[in-house]
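Remarks on the structure that follows.
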Amino acid sequence: MDNQSIAEVFEQMAELLEFKGENPFRIRAYHNGAKAILDLDEPVAQILEDPSRKLSDVPGIGKTLVDKITVLVATGSLPQLLELQEQFPASVLAMARVPGLGAKKAARLHQELGIDNLAELKTACETDQVSGLKGFGKKSQQTILDGLAIAQAAAQRKKWVNADGWVARLRSHLSSCDAIERMEFAGSYRRGRETCGDLDILVVADPAAAAMDHLEAFPPRKETILRGDTKISIRVDEAFQVDMRVVAADQFGAALQYFTGSQAHNVRVRSMAKAQGLKVNEYGVFREDDPEHSIAGGEEQEVYAAIGLPWVPPELREDRLEFDWAKSGDPFDLIELKDICSDLHMHTTATDGEATIGDMADAAIARGLTAIAITDHSQRVAMARGLDPQRLREQWARIDQLRPQYEGRLTILKGIECDILEGGGMDLPDDVLAEADWVLASVHYGQRQSREQITDRILGAIANPHVTAIAHPTGRLINRREAYQVDIDAVFQAAAETSTLLELNANPSRLDLHEVHCQTASRRYNIPIVINTDAHSIDGLDVMQYGILQARRAGLQKQHVANARSWDAMKPLMGKYR
DNA sequence: GCCGTTTTCGGCCCGACTGTTTTCAGTCG
C-alpha cells in the first residue's frame, strides 16, 4: 500500500469519526496523520522495514497510527475502517458534504429520520419532515434543498488558471469601487494551489457596506449566500463561491496572513505565537496580558516578525517545509519566471502544433529565452501525424538551415518527444535518437497498464543513454484523468543514477510532476527539474508561469531548475553529455 | 490520537455568521 492510499484511509477514518461525534482532537489527529504521510518524501513501508529508523519520529504519527499503518502495509485494509463504513455507508457520508450540512447535522438526519442517501434527504425536505427536528427549522430545510442542487457542481474545484480568470474579472469590477482602498486575493489562489475551491478577497474599505454592495453588483453573481457587517459570500458560475472580508487598514497584514492560510500553516503559526505568550488572529498580534492593543498587523511581514519568523512566501504555506526552512536561516529565494532561460518542450506544424519552428523561435526570443527545443511527437502518435525517422531528420535539416539566422540570439535544439511504447522500448531507433540534442521520453498509450508494466516502461526509457528527460512523468490531467499507476520512487532512483532529468510540465491542466513529487525528486534525489510549456502554439509558451508557481510550491530555487541555466551550463547535468 | 523548555496528563488556533435559540451549537474557512 502506497502513501497516498494510507493517507486516504486516515482521511476516511477522520470523516467517519466525525460522523460518530468523536472527540474533535482525535479526528484532527487522523487528518494530521494523513497529511504527514502525504508529505513524506519516501514510502512509509521503507521506513517500517528499516530497523534503524522509527516511523513514530515523523511528527503527527504516534504509536497508534504506526500500528494502523503496519496493519495497512501488511494486509491492505484496516478493520476499524471497515467497521465504521458498515455503520455509515458512503451515501450517508455524502450528506455531510451538502453545503450547510456538516457531520453533526447529517448524522442526526440519519439517526433520527433514517435518511440513508441524498435522494431520501431531498424527499424528506420536500415533504417537510426536516423542519420539525430539534435544531432545524424551515430555513435549514430550504438551505439543504438549495445545497443539494449545487452539491454536484461544487464537487469539483476549479483549476488555478480558471480561478485566475475569475480573479481578473473581479479585480476589474471592484477597481471601480471608490470605497475600496486596498485589495488582495488570498486563500488557495494566493498560495498558487493547482486548484481552488473558492476565492477569498480581502479589502480595506470605507464604508464597508459600499464594498459589499459593489461585490453584490458583480454581474455574474447568482446569489448572496450570507452577508454580515464585515463578511459577505456570493456565488458565481454554477457553484463557485467568492468571499469578501472588510478589515481596517492597520489589520490588513494580519488578515491577509490569516486568510491566505493554509489552515495547517495557520495552526502552526498560532501555536508558535501562543508558546511565546502571544495571540494571533485576523486583527493582529496581541500580548496575552494586553489583548486590547495589537503589536503588529498592518503588513504580513510584521506578523511573522512578531513571532520570530521571516516572511514566508504564500506558495510554501502548507506546514510542509517552511518552518524548518525558516529556522535554518536560509533565505527562501524561490524560483521566478525571469530565471527561466529555455523552454525544452514544444510542438510545431510538423505534428499537432499550430506554429512553425521560426514562429516559435521568434516568440521565444520575445519572451526572453535563449534556447528552445523543438520536440514534436514520434511516429506512434499517429493522430498527431507523429514523425518517423525520415521526417524527423528533415525537420532537423530545417533547423540547421534556420540556425544561422538566430546565431547569438537563440539556440534551437534538435529534439523529439519520443513515445515509450506499450510493450516497452522507444518509438524511434537508437541511431536516430543519438543524433538529437535533446530527447524527451513520454507515455501516451497504454496508461491503464499495471503498475509494474508502466514502471518498467519508464525505467527502460531512463536506461536509454540518449534519453535526456522524462516528460509529464505521471500522465495526470487535473480534474480529468488520474495519474497512471507508477512506482515513482523507482523512477526517481533510476533518474538520479543515470542523470536523466525530470520535467515539470507547466500546462495548467497537467502540472506534472505535482508539487510533492517535485519536491521529493529535487530535495531528496537531487534530480534537476526542467520546467517546460509543452506549447502547441505561440500563446502556449505563456503557460510557463503556472509551472513556476507549482515549482515554488515544491520549494524549488534557481539552482534546482535545470533550465534556469543556459543550454551549455545545463549539459553537465545530463548523462547523455558526460 | 498526538505531544512535551508548562512532559505522561491535559491541553490541542481562532473568529464570523446563521438559525434556532433565549445563550449557543453548527458550519465554514
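Chain identifiers are assigned alphabetically (A, B, ...) following the order of the sequence lines, protein sequences preceding nucleic acid strands; residue numbering begins at 1 within each chain. These values consider heavy atoms only, across backbone and side chains, with no hydrogens, waters or symmetry-generated copies.
Residues in residues 13-27 of chain A take part in these side-chain hydrogen bond (donor to acceptor under 3.5 Å, both in side chains) pairs, two or more places apart or across chains: A:Glu15-A:Arg97, A:Glu22-A:Arg26. Residue pairs satisfying the salt bridge (charged side-chain N to carboxylate O under 4.0 Å, His left out) criterion with at least one member in residues 265-279 of chain A, sequence neighbours excluded, are listed as follows: A:Arg268-A:Asp319. Residue pairs that meet the salt bridge (charged side-chain N to carboxylate O under 4.0 Å, His left out) test with at least one member in residues 187-213 of chain A, sequence neighbours left out, are A:Arg190-A:Glu300, A:Arg191-A:Glu318, A:Glu194-A:Arg476, A:Asp213-A:Arg227. Every pair passing side-chain hydrogen bond (donor to acceptor under 3.5 Å, both in side chains) that includes a residue from residues 82-96 of chain A is listed here, sequence neighbours excluded: A:Gln12-A:Gln85.
Applying the side chain to side chain contact (heavy atoms under 4.5 Å, CB included) rule to A:Ser77 yields the partners A:Thr75, A:Leu82; only residues at least two apart in sequence or on another chain are considered. In terms of the side chain to side chain contact (heavy atoms under 4.5 Å, CB included) criterion, residue partners of A:Lys63 (sequence neighbours excluded) are, by chain and number, A:Asp67. Every residue meeting the side chain to side chain contact (heavy atoms under 4.5 Å, CB included) condition with A:Ser176, not counting sequence neighbours, appears here in chain and number order: A:His214. For A:Phe25, there are no ring-ring contact (aromatic ring centres under 6.0 Å, His included) partners two or more places apart in sequence or in a different chain. Remark: A:Glu126 engages A:Lys122 in a salt bridge (Lys or Arg N to Asp or Glu O under 4.0 Å) (not counting sequence neighbours).
Distance A:Lys20 NZ to B:dG1 P: 10 Å, rounded to the nearest Å. We find that CD1 of A:Ile27 is positioned 12 Å from P of B:dG26, with the value rounded to whole Å. Here B:dG15 presents its P atom at 18 Å from CG of A:Asp200, a figure rounded to the nearest Å.
Figure legend. B:dG1 is base-paired to B:dC12; pairs are counted as Watson-Crick or G-U wobble with both atom distances under 3.5 Å.
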Discussion item. Does the protein touch nucleotides 17-23 of chain B at the base, only the backbone, or not at all? Give it as B, S and - per nucleotide, heavy atoms under 4.0 Å.
Written reply: SSSSS--

Response to the item:
In B/S/- notation (B base, S sugar-phosphate only, - none; protein heavy atoms under 4.0 Å), nucleotides 2-12 of chain B written 5' to 3' is SS--------B

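For B:dT7 and B:dC3, the C1' atoms lie 9 Å apart once the distance is rounded to whole Å. Rounded to whole Å, the C1' atom of B:dC28 lies 15 Å from the corresponding atom of B:dC13. Taking atom P on both nucleotides, B:dT21 is separated from B:dA25 by 13 Å, rounded to a whole Å.
Taking 4.0 angstrom as the limit, A:Arg26 places a side-chain polar atom (N or O) nearer than this to OP1 or OP2 of B:dG1. In this structure, A:Asn281 reaches the B:dG15 phosphate: one of its side-chain N or O atoms is under 4.0 Å from OP1 or OP2.
Residues from residues 86-95 of chain A lying near DNA chain B, meaning a heavy-atom separation below 4.0 Å, are absent.
Relative to the six-membered ring of A:Phe10, A:Lys68 misses at least one condition, a distance below 6.0 Å or an angle of at most 45° to the axis. Within the cation-pi definition used here (under 6.0 Å to the ring centroid, within 45° of the axis), A:Arg523 qualifies as a partner of A:Trp325.
Side chains of A:Gln142 and A:Asp146: a donor on one and an acceptor on the other come within 3.5 Å.
Residue contacts for A:Gln263: at a heavy-atom cut-off of 4.0 Å it reaches a base atom on one of the strands shown. At the heavy-atom level, A:Val269 lies nowhere under 4.0 Å from the strands shown.
Within 90° of 0 lies the glycosidic angle of B:dT7, which makes this nucleotide syn.
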